[in-house]
Amino acid sequence: MRLSRYFIPTVKETPKEAQEISHILLLKAGLIKPLMSGIYEYLPLGLKVITKIQQIIREEMNQINGQELLLPILTGRELWEETNRWNTFGNEMFKLKDRNDRDMCLAPTHEEIITDLARREIQSYRQLPQIWYQLQTKFRDEPRPRGAVLRMRQFIMKDSYSLDRNEEGLEESFQMHREAYSRIFRRCGLDTVVVGASSGLMGGSASDEFMFLSESGEDSIALCNTCDYAANVEVAATRLKPIQGDKEEITEVHTPVPGTVEAVANLLAKPKEFFIKSLLYIGNNEPIFVLVRGDHEVNETKLAGILGHQFRIANPDEAKNITGADIGYISPIRLENVEIYVDVNLKDCKGMITGANKNEYHFAGVSIERDINPKQFVDIITANEGDPCPQCSGGSLCIKKAIELAHLFKLGTKYSQSMKCFFTDSDGTEKPVIMGSYGIGVERIMAAVIDKYHDSAGIQWPISIAPFLVHLIPLDLTFEDVKNISERIYEELSENDISTLIDDRDERPGFKFKDADLIGIPIQIIVGKRSLQNGCCEIKLRKEDRKHSVSPNEVILFVRNLIEEERKQYAR
RNA sequence: CGGGGCGUAGCGCAGUUUGGUAGCGCGCUUGGUUCGGGACCAAGAGGCCGGAGGUUCAAAUCCUCUCGCCCCGACCA
């Protein structure tokens with residue numbers, strides 16, 4: 001491809017809206033352009049990268065007997081009513097009406113569509129298992145799109161769905177996906193961490209996420225520094241040692257400071273872990289106390305899972321009515337008729353401090369076992385950096401930011417039950433199909449790769465997903481030799497199916513070098529009169545400083561070897 | 001949805017406090033000189049100052065209302 005005729009609108013100045021490195025470079029290198037909030041145009045160079053990523057995904061999905069299909073984006077309301085997701089997706093779903101005033105939506109995901117297809121076509125266990133996948137645009141009206149392609153309202157997802165006869169089959173499909181995904185990310189040059197996660201709106205029994213560690217990430221994950229424990233902080237557990245405070249009896253302590261754990265801890269000169277944070281929630285119009293240790297926060301994702309119904313934090317008036325004190329001085333101690341959920345890490349704690357239900361007073365010497373009557377001990381806190389690992393002894397947790405690249409769900413029968421997707425098993429009985437769903441964010445891979453492979457000058461594409469393999473840079477085209485030799489090399493590369501971008505523009509050398517480094521094509525060939533005087537041109541990898549002097553006749557051979565060497569790093 | 005910031009030439013910005021000819025850098029066009037890390041000279045083109053209303057002799061500037069974008073938070077596969 002000739003750069004003089006190729007559309008790569010690079011920009012020298014950093015766009016003001018971009019914060020994350022991937023966002024900045026996607027715009028500067030002319031890969032994408034914004035159209036609206038969370039909606040982008042993919043320009044030729046960006047599309048080439050996306051296509052490469054998709055090709056790797058296809059190869060690995062086909063390898064596990066996945067079958068590619070393509071489902072509609074525009075769908076009717078009825079299917080979504082069957083699973084109640086017309087409502088539960090809420091504002092995140094783009095909804096519209098057709099000319100006959102029928103409710104439609106742009107599919108945010110495709111469980112309902114795939115289940116509908118399956119229930120019409122799958123009758124017998126003989127037709128199972130199946131893995132169906134697609135590379136399809138999804139629409140989600142995100143409340144806050146960010147970081148260019150990190151969170152978009154229109155994006156490409158590879159989503160696949162497994163249909164199995166039983167739990168064992170699901171387990172197998174799930175494992176196959178995990179392995180395929182590992183290979184996909186490895187081939188794209190990314191290292192990932194697989195973490196346990198919350199299944200949220202998708203439902204189902206278990207879910208794993210493939211995470212790429214990055215400060216640009218929106219998710220936080222907890223990793224053990226000793227064993228292999230890894231979980232999204234939304235679900236990460238910990239195992240804190242029970243606190244044994246010094247006071248045995250409950251006593252009232254005057255605490256004339258704002259009722260935060262911080263302030264009272266300072267006043268009493270006690271570390272925060274000696275406190276019980278008592279939070280009052282309202283759910284089903286009933287007060288619910290949630291108790292956690294003073295140095296930790298309530299994890300509302302976990303709370304949602306425990307309560308199984310809607311809830312919200314109580315407002316100051318409600319708190320006062322229920323306890324007689326302002327928020328900050330409250331606790332369930334000596335209160336009647338309140339549901340109490342206590343974090344499991346508070347079990348057996350003694351000598352604790354918490355609100356006395358009287359303004360500017362706290363109780364000291366509280367014993368969980370003696371003074372609190374919980375409905376249930378539950379895992380309800382967000383793990384902090386340095387907390388003990390819940391899985392091994394001696395390990396502690398690190399909290400890292402990460403980009404969620406993929407999410408795998410064991411859906412079980414959630415969709416097949418509600419949508420009546422049944423098959424007849426070998427014993428003649430009718431059973432619901434056991435399902436799994438497995439998504440990959442295609443553009444997020446692109447962003448993660450840029451996040452990992454760049455320097456101050458621009459992108460350094462791994463050869464496996466690079467938009468071109470070779471960037472050929474003739475300097476000073478007014479020199480006949482430079483022009484002729486670079487044209488010859490260009491033709492040879494093309495004949496050998498080595499995708500090449502030749503910078504045939506009438507620009508100064510520095511300009512061409514800067515563009516080449518910004519775009520980040522992995523192999524650069526420089527043809528200039530200076531090195532031609534020694535009978536050579538120069539070949540270098542974008543990611544290295546080292547230049548190789550190579551005779552024009554040997555360029556093809558040299559480049560072939562380079563490509564082969566590079567490819568090894570991103571092999572399956 | 002809450003908080004903050006911003007909409008002026010294709011891009012990045014100044015001008016708004018204190019109303020009075022719309023500017024700068026990059027990019028673009030033409031000509032010339034240059035040519036191994038985003039050159040230089042000269043001459044040009046290009047803007048209803050996001051939109052609508054209002055105040056005023058006069059509005060990019062003041063007032064009201066709107067639309068959009070970005071960041072933080074909430075929310076979220």
Side-chain angles (χ1 to χ4, degrees), chain A residues 9-20 23-24 27-28 30 33-40 85 88-93 107-111 138-148 150-153 155 157-160 197-204 207-211 216 218-219 232 234 300-301 304 310 312-313 403-411 436-441 444 456-458 473-479 482 503 505-519 524 526-534 536-538 540 545 547:
Chain A
T10 58
V11 287
K12 191 156 43 171
E13 287 172 284
T14 300
K16 63 168 179 176
E17 73 261 29
Q19 308 288 317
E20 317 297 349
H23 190 175
I24 292 170
L27 293 172
K28 283 183 77 170
K33 288 280 177 190
L35 177 66
M36 300 191 290
S37 177
I39 307 217
Y40 286 82
R85 289 212 294 183
T88 52
F89 254 107
N91 290 332
E92 209 165 309
M93 194 180 245
T109 174
H110 280 85
E111 281 77 15
K138 301 283 193 257
F139 291 85
R140 295 187 186 177
D141 196 358
E142 294 287 345
R144 186 151 96 81
R146 55 177 296 272
L150 288 178
R151 179 162 297 268
M152 292 194 284
R153 300 199 296 167
F155 62 99
M157 180 189 275
K158 189 291 296 180
D159 48 324
S160 52
S198 156
S199 46
L201 254 184
M202 305 298 291
S207 80
D208 281 348
E209 290 170 328
F210 277 76
M211 291 294 198
S216 297
E218 296 179 281
D219 286 285
N232 194 308
E234 288 177 352
E300 294 196 350
T301 305
Q310 299 263 314
R312 59 176 173 82
I313 194 93
I403 297 170
E404 177 189 349
L405 296 178
H407 203 152
L408 299 75
F409 300 90
K410 286 185 184 172
L411 299 174
S437 103
Y438 316 85
I440 294 180
R444 283 185 181 176
S456 59
I473 309 170
L475 305 175
D476 196 354
L477 289 159
T478 58
F479 250 92
V482 169
D503 193 346
R505 299 174 300 180
D506 181 20
E507 291 289 353
R508 296 166 56 85
F511 190 91
K512 293 186 176 185
F513 286 136
K514 293 286 186 194
D515 256 0
D517 288 348
L518 179 58
I519 292 167
Q524 299 180 344
I526 300 145
V527 181
K529 67 177 177 190
R530 207 168 73 184
S531 48
L532 276 186
Q533 278 162 1
N534 304 321
C536 288
C537 49
E538 289 157 317
K540 79 179 279 285
D545 289 331
K547 288 178 180 167

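Numbers restart at 1 for each chain; the letters A, B, ... are given by sequence-line order, proteins then strands.
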- Item | P atoms of B/A14 and B/C6, separation to the nearest Å | 9 Å
- Query: A/Asp517 and A/Gln524: which non-hydrogen atoms are nearest, and at how many Å?
  - Reply: OD1-NE2, 2.9 Å
- Item | B/G7 to B/U61 separation - C1' atoms, rounded to the nearest Å | 15 Å
- Message: What's the gap between B/U18 and B/U56 when it is taken at their C1' atoms, as a whole Å value?
- Response: 16 Å
- Task: Could you work out the separation of B/G46 and B/U34 based on their C1' atoms and round it to a whole Å?
- Result: 27 Å
- Note on the structure: Atom CD of A/Glu142 and atom C1' of B/C72 are separated, to the nearest Å, by 17 Å
- Message: If you only use heavy atoms from C-beta on, which nucleotide in B/C26, B/C35, B/G36 is closest to the side chain of A/Lys12?
- Response: B/C26
- Audit row: A/His23, A/Leu150, side-chain contact (heavy atoms from CB on, under 4.5 Å) steps and yes/no: CA-CA 8 Å; A/His23 190 175; A/Leu150 288 178; over 6 Å; no
- Item | Between P of B/C75 and CG of A/Asp141, the distance in whole Å | 18 Å
- State which of B/C71, B/A39, B/C76 makes the closest approach to the side chain of A/Arg508. B/A39
- Query: Between A/Asp219 and A/Met36, who's closer to the 5' end of RNA chain B by nearest nucleotide?
  - Reply: A/Met36
- Task: For A/Glu538, report the nucleic acid contact type (base, sugar-phosphate, nothing); a contact means any heavy atom under 4.0 Å.
- Result: base
- Task: Could you check whether A/Lys547 gets within reach of a base, just the sugar-phosphate, or nothing at all, counting any heavy atom under 4.0 Å?
- Result: base
- Message: Just to be sure I understand the rule, does A/Ile440 reach a base, reach only the sugar-phosphate, or reach nothing, if contact means heavy atoms closer than 4.0 Å?
- Response: nothing
- Message: Within this structure, what is the CZ-CZ distance for the pair A/Arg151 and A/Arg144, rounded to the nearest 0.5 Å?
- Response: 9.5 Å
- Message: Pairing check on B/G46: which nucleotide meets the Watson-Crick or G-U wobble criteria with it, both distances under 3.5 Å?
- Response: none
- Item | Side-chain touch A/Lys138/A/His110, heavy atoms, less than 4.5 angstrom | yes
- Task: For A/Gly439, answer base if it contacts any base atom (sugar-phosphate contacts may also be present), sugar-phosphate if it contacts only those atoms, and nothing otherwise; contact means non-hydrogen atoms under 4.0 Å.
- Result: nothing
- Whole angstrom value for the distance that separates P of B/C75 from CZ of A/Arg312: 15 Å
- Item | C1' spacing across the pair B/U64 / B/C70, given as an integer number of angstrom | 25 Å
- For the pair made of CD in A/Glu507 and P in B/A39, what is the distance, rounded to whole Å? 9 Å
- Residues A/Phe511, A/Arg505; criterion side-chain contact (heavy atoms from CB on, under 4.5 Å); working and verdict: CA-CA 10 Å; A/Phe511 190 91; A/Arg505 299 174 300 180; 4.0 Å; yes
- Note on the structure: When rounded to whole Å, the CG to P distance for the pair A/Leu518 and B/C11 reads 18 Å
- Query: A/Met152 CE to B/C76 C1': how many Å, rounded?
  - Reply: 16 Å
- Mind checking who B/U61 pairs with, Watson-Crick or G-U wobble, both distances under 3.5 Å? none
- Per A/Lys16 side chain, nearest of listed nucleotides B/G36, B/G38, B/C13: B/C13
- In whole angstrom, what separates A/Lys28's NZ from B/G10's C1'? 17 Å
- Task: Taking atom C1' in both B/C35 and B/C41, compute the distance separating them and give it to the nearest angstrom.
- Result: 16 Å
- Query: Across all strands, who's sitting opposite B/C13 as a Watson-Crick or G-U wobble pair, both distances under 3.5 Å?
  - Reply: B/G23
- Query: Which comes earlier along RNA chain B counting from the 5' end, the contact point of A/Glu209 or that of A/Leu35, where each point is its nearest nucleotide?
  - Reply: A/Leu35
- What is the base-pairing partner of B/U55, counting Watson-Crick and G-U wobble geometry with both distances under 3.5 Å? none
- Message: Using a 4.0 Å heavy-atom cut-off, does A/Ser531 contact any base of the nucleic acid, only the sugar-phosphate backbone, or nothing at all?
- Response: base
- Item | Ring-on-base stacking B/G37 with A/Phe513 (under 5.5 Å, under 30°) | yes
- Query: Within this structure, what is the CD-to-P distance between A/Glu92 and B/A74, rounded to whole angstrom?
  - Reply: 16 Å
- Find out whether A/Arg85 and A/Thr109 are in side-chain contact, i.e. whether some heavy atom of one side chain is under 4.5 Å from a heavy atom of the other. yes
- Heavy-atom side-chain proximity of A/Arg146 to A/Gln19 below 4.5 angstrom: no
- Quantified in whole Å, what is the C1' atom distance between nucleotide B/G4 and nucleotide B/A45? 39 Å
- Item | Step-by-step side-chain hydrogen bond (donor to acceptor under 3.5 Å, both in side chains) determination, A/Lys12 to A/Thr10 | CA-CA 7 Å; A/Lys12 191 156 43 171; A/Thr10 58; over 6 Å; no
- Could you give the distance from CG (A/Leu475) to CZ (A/Arg508), rounded to the nearest 0.5 Å? 11.5 Å
- Note on the structure: Using Watson-Crick geometry (N1-N3 plus N6-O4 or O6-N4) or G-U wobble (N1-O2, O6-N3), each under 3.5 Å, B/G68 is paired with B/C6
- Select one nucleotide: of B/G36, B/G38, B/C76, the one nearest the side-chain heavy atoms of A/Asp515. B/G38
- Message: Of the options B/G36, B/C35, B/A74, whose atoms approach the side-chain atoms of A/Thr478 most closely?
- Response: B/C35
- Note on the structure: Paired to B/G73 by Watson-Crick or G-U wobble criteria (both distances under 3.5 Å) is B/C1
- Message: So if I take every side-chain heavy atom of A/Arg144 and compare against B/C72, B/C76, B/C35, which nucleotide ends up nearest?
- Response: B/C72
- Message: Once you apply a heavy-atom cut-off of 4.0 Å, does A/Gly147 come out as touching a base, just sugar-phosphate, or nothing?
- Response: sugar-phosphate
- Item | B/A60 and B/G36, which share atom name C1', separated by this distance in whole Å | 46 Å
- Message: Students often get this wrong, so: under 4.0 angstrom with heavy atoms, is A/Ser37 touching a base, only sugar-phosphate, or nothing?
- Response: sugar-phosphate
- Nucleotide nearest A/Glu13 when distance is taken to its side chain, options B/G36, B/C11, B/G38: B/C11
- Message: Heavy atoms only, 4.0 Å cut-off, all strands: where does A/Arg151 land among base, sugar-phosphate and nothing?
- Response: base
- Side chain of A/Asp476, base of B/G36: donor and acceptor closer than 3.5 Å? no
- Strand partner of B/U33, provided both Watson-Crick or wobble distances fall under 3.5 Å: B/A39
